[in-house]
Colleague: 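Please read through the structure below; I'll follow up with questions.
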Amino acid sequence: MQLYKTRQGIFLQHNQHQYLLHDDWDTLINRNDLHAHLRELITGVVRPQDELTPFAENLMAPIGSQELWAAGVTYLRSRDARMDESRDSGGADFYQKVYEADRPELFFKALPHRISAHLEPVNIRKDSHWNVPEPELTLFINSQGSIQGYTIGNDMSSRDIEGENPLYLPQAKVYERSAALGPCLYVPEKPISPETVISIQIIRGEQIIFSDSIALSRMKRAFTELASWLYRECKFSRGCYLMTGTGMVPPPDFTLHSGDRVEISIEPIGTLINTVDSGW
Ligand code: DO4
Ligand code: MG
């Protein structure tokens, strides 16, 4: 089942049917069995819309008042890219250590007002010359610490800033429109399969200038492991979103330009599309 947050309300999509819900987003999603609750809503209370409403232009990011956190260096590819970019600064060892350590890298990414929805622009910093998107499966974890849903995330990153000094990580990661989430919150009956593939295309003008894909099974850590570290000493009364790290990094000579279109797909969730805008 897919939950779309729109300016007209929340649309629940299931088996080619659409149901308009009038619930408050935070209350609706913060449950111990969200899938079962949505199923009950469908069978009992709400009626499907007669016609499917086209709402792509009206989509909001599928988040309410939750915080967005991110995990890093969870795939070998991310470890290698980070080691390369930080070798001159002497920071490379830290990435190797965190890849192998028990404790994962977790960092605060954004509050909802800095997050772009599907089709909204993402931003690159004006004081950076090396920027990439990071396509990441993103978990919705309820207030009890249990994973209830998934969305697609783009963890925009300034590689020159984080490479210059690992202590600059918050500036490389947190700025206006440095994250995108969408297009929906996917709520399956069972946890998402590790065989699920995440893919990215970056389009400049008419040309695909970068594309790649990776299976979630290539991730070093379990999603439940990341969630339990995040909830160790933090309470999230309305739940929390957690990006799970990137397994795809463009080659070192690649940087995003204003106007580039970033498309990230995960089959059961959809495609998150954002155009880069450096003129924020
Ligand atoms: O350590 C830097 C950030 C890592 C990250 O965002 C990722 O691996 O996805
Ligand atoms: Mg990342």
Side-chain angles (χ1 to χ4, degrees), residues 61 63 67-110 114-116 122-125 128 130-139 150-175 177-182 198-200 202 210 212-223 225-227 229-230 240-252 254-256 262 264 266 272 274 276:
I63 188 168
E67 297 171 22
L68 172 63
W69 282 68
V73 198
T74 50
Y75 291 81
L76 206 55
R77 179 71 189 102
S78 178
R79 184 205 68 176
D80 292 347
R82 255 88 206 187
M83 288 181 77
D84 287 346
E85 78 194 10
S86 61
R87 215 171 292 283
D88 290 350
S89 71
D93 282 359
F94 289 104
Y95 294 105
Q96 170 64 23
K97 281 183 179 149
V98 84
Y99 185 72
E100 281 166 4
D102 206 23
R103 184 190 292 273
E105 178 193 1
L106 295 174
F107 58 92
F108 177 72
K109 177 72 185 177
R114 294 220 164 84
I115 300 173
S116 299
V122 286
N123 192 20
I124 47 180
R125 293 185 66 114
S128 163
W130 189 14
N131 291 278
V132 291
E134 293 190 351
E136 307 191 10
L137 178 77
T138 301
L139 315 174
Y150 308 86
T151 186
I152 303 173
N154 178 355
D155 170 25
M156 294 286 289
S157 304
S158 299
R159 293 192 65 188
D160 51 337
I161 296 178
E162 68 180 21
E164 186 179 339
N165 188 323
L167 296 180
Y168 291 155
L169 187 77
Q171 294 175 75
K173 294 285 191 181
V174 183
Y175 52 88
R177 292 191 180 279
S178 64
L181 288 181
I198 176 164
S199 61
I200 184 169
I202 304 174
F210 177 74
D212 202 356
S213 61
I214 194 167
L216 301 177
S217 58
R218 301 274 297 280
M219 195 172 135
K220 170 123 195 299
R221 299 175 188 267
F223 300 137
E225 175 191 347
L226 295 176
W229 277 97
L230 181 59
C240 181
Y241 286 75
L242 176 61
M243 292 173 151
T244 56
T246 187
M248 291 171 272
V249 183
F254 176 91
T255 188
L256 284 170
V262 181
I264 304 171
I266 301 179
L272 171 67
N274 302 96
V276 176

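Just so you know, residue 1 is the first one in the sequence shown, and it goes up from there. Order of appearance sets the numbers: ligands from 1, and atoms from 1 within every ligand.
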Colleague: Identify, by name, the N, O or S atom of Glu136 lying closest to the Mg ion (ligand 2).
Modeller: OE2
Colleague: Which of the numbered atoms in ligand 1 are below 4.0 angstrom from a heavy atom of Gly245?
Modeller: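 Taking each heavy atom of Gly245 in turn, ligand 1 has 9 (O) under 4.0 Å.
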Colleague: Which ligand 1 atoms does Asp155 reach within 4.0 Å, using its non-hydrogen atoms?
Modeller: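 The list of qualifying atoms is 6 (O).
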Colleague: Going by the order shown, which atoms of ligand 1 are within less than 4.0 Å of some heavy atom of Val73?
Modeller: 1 (O), 4 (C), 7 (C), 8 (O)
Colleague: Mind checking whether Tyr95 contacts ligand 1 via backbone (N, CA, C, O), side chain (CB onward), both or neither, at a 4.0 Å heavy-atom cut-off?
Modeller: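 The side chain, only.
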Colleague: Using a strict cut-off of 4.0 Å, indicate which atoms of ligand 1 neighbour a heavy atom of Ser78.
Modeller: 7 (C), 8 (O)
Colleague: For the Mg ion (ligand 2), find the closest N/O/S atom belonging to Asp155 and write down its atom name.
Modeller: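 The Mg ion (ligand 2) is closest to the Asp155 atom OD2, counting only N, O or S.
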Colleague: At a 4.0 Å threshold, what atoms of ligand 1 neighbour a non-hydrogen atom of Phe107?
Modeller: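 The list of qualifying atoms is 6 (O).
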Colleague: Using a strict cut-off of 4.0 Å, indicate which atoms of ligand 1 neighbour a heavy atom of Glu136.
Modeller: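 Counting atoms of ligand 1 from 1, those under 4.0 Å from Glu136 are 9 (O).
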Colleague: For the Mg ion (ligand 2), what is the closest N, O or S atom on Glu134?
Modeller: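 Among the N, O or S atoms of Glu134, the one closest to the Mg ion (ligand 2) is OE1.
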Colleague: Tell me whether Lys109 contacts the main-chain N or O of Ser178 through its side chain, where contact means a donor paired with an acceptor under 3.5 Å.
Modeller: yes
Colleague: Please find the pair of heavy atoms, one from Val249 and one from Ala81, that lie closest to each other, and give the distance.
Modeller: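 Of all heavy-atom pairs spanning Val249 and Ala81, the closest is CG1-CB, 3.8 Å.
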Colleague: For ligand 1, is any non-hydrogen atom under 4.0 Å from Arg82's backbone (N, CA, C, O), its side chain (CB onward), both, or neither?
Modeller: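 Near ligand 1, Arg82 shows its side chain, while the N, CA, C and O stay back.
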Colleague: Which of the atoms in ligand 1, numbered in the order shown and given with their element, are less than 4.0 Å from a heavy-atom of Gly72?
Modeller: 4 (C), 5 (C), 7 (C), 8 (O)
Colleague: With atom 6 (O) of ligand 1 as the reference point, say which of Lys173, Arg79, Arg77 has the nearest heavy atom.
Modeller: Lys173
Colleague: In terms of ring plane angle, is the pair Phe254 and Phe210 parallel, tilted or perpendicular, where the classes change at 30° and 60°?
Modeller: tilted
